[in-house]
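All remarks here apply to the structure that follows.
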Amino acid sequence: LVVRHDADTADGPLGERTLDQVRAALPEVPLLAEILDVCRDRLVNVEIKDPDPRVVDGLVELLARRDPPDDVLVSSFDLVTIDRVRSLAPHLPTGFLSFGLDPNTALLLAFEHGHGAVHPDVWTLTTVDVGAFVVRAHDLGLQVNVWTVNDADQLSALRDAGVDAVITDDAGLYPVRS
């Protein structure tokens, strides 16, 4: 398993290549195991972009072999994908990513499928009362992790509304608390 934001390249999808082919074309692309090693003792959101069931199987197998276990949250826009994670490894926390979907609909889907978190996009989240949305999610036992928050004012408003975490492209946007 490799870590890259986009699964597709100019030469086609990464999932259709061997590791040697990926490494030859994109030598900078790290293995997921390498990233998990670097991020020991930190929560890592592992987003599965490729809906191929072999990806889920490989991820579950990789995480089962690691000792001590990694602190991960597995997320995907594809419900079938994270449902498969839950069925193979019910102990792994999972989150449903949504984009352009009504946040309340995304919340109910995440809850009905037994996932522990909902990850709405910051743009669609502006269509609802964020504080009430967070309260509703927490009442259902779900975390709210909002993506992609790259604005300090948005970050402050989301913090004040009680979101559990944000996903950002700007790690320096807000000081890390230890």
Which value, rounded to the nearest 0.5 Å, describes the distance between [X] atom [atom1] and [Y] atom [atom2]?
{"X": "Lys49", "Y": "Ser76", "atom1": "NZ", "atom2": "OG", "answer": "9.0 Å"}
{"X": "Glu112", "Y": "Leu107", "atom1": "CD", "atom2": "CG", "answer": "9.5 Å"}
{"X": "Thr148", "Y": "Asp121", "atom1": "OG1", "atom2": "CG", "answer": "8.5 Å"}

Does CG belonging to Asp160 count more than 12 external heavy atoms closer than 6.0 Å?
->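 Yes - once you tally the heavy atoms of other residues, nucleotides and ligands closer than 6.0 Å, there are more than 12.
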For [Y], is there any backbone N or O sitting under 3.5 Å from a side-chain donor or acceptor partner on [X]?
{"X": "Glu34", "Y": "Leu31", "answer": "yes"}
{"X": "Ser156", "Y": "Ala152", "answer": "yes"}
{"X": "Thr18", "Y": "Gln21", "answer": "yes"}
{"X": "Ser75", "Y": "Gly95", "answer": "no"}

Determine the sole option in Arg40, Arg42, Arg65 for which the salt bridge (charged side-chain N to carboxylate O under 4.0 Å, His left out) test with Asp70 is passed.
->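 When salt bridge (charged side-chain N to carboxylate O under 4.0 Å, His left out) is applied between Asp70 and each of Arg40, Arg42, Arg65, only Arg40 qualifies.
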Walk me through it: do Asp50 and Arg4 pass the test salt bridge (Lys or Arg N to Asp or Glu O under 4.0 Å)?
-> CA-CA 11 Å; Asp50 187 340; Arg4 187 165 192 269; over 6 Å; no
Show your working on side-chain hydrogen bond (donor to acceptor under 3.5 Å, both in side chains) between Asn150 and Asp169 and close with a plain yes or no.
-> CA-CA 6 Å; Asn150 290 329; Asp169 295 324; 3.1 Å; yes
In plain terms, say whether Asp52 and Arg84 are close enough for a salt bridge, that is, a side-chain N and a carboxylate O under 4.0 Å apart.
->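 Looking at Arg84 together with Asp52, the answer is no, because their closest N to O distance does not fall below 4.0 Å.
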Side chains of Val80 and Pro51: closer than 4.5 Å at any heavy-atom pair?
->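 No. Closest side-chain heavy atoms not under 4.5 Å.
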Kindly say whether the aromatic ring centers of Phe77 and Trp147 come within a distance under 6.0 Å.
->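 Yes, the ring of Phe77 comes within the 6.0 Å limit of the ring of Trp147, centre to centre.
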Check each of Ile82, Thr81, Thr94 against Ile48 using the side-chain contact (heavy atoms from CB on, under 4.5 Å) test, and report the only one that passes.
->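 Looking at Ile82, Thr81, Thr94, the match for Ile48 under the side-chain contact (heavy atoms from CB on, under 4.5 Å) is Thr81.
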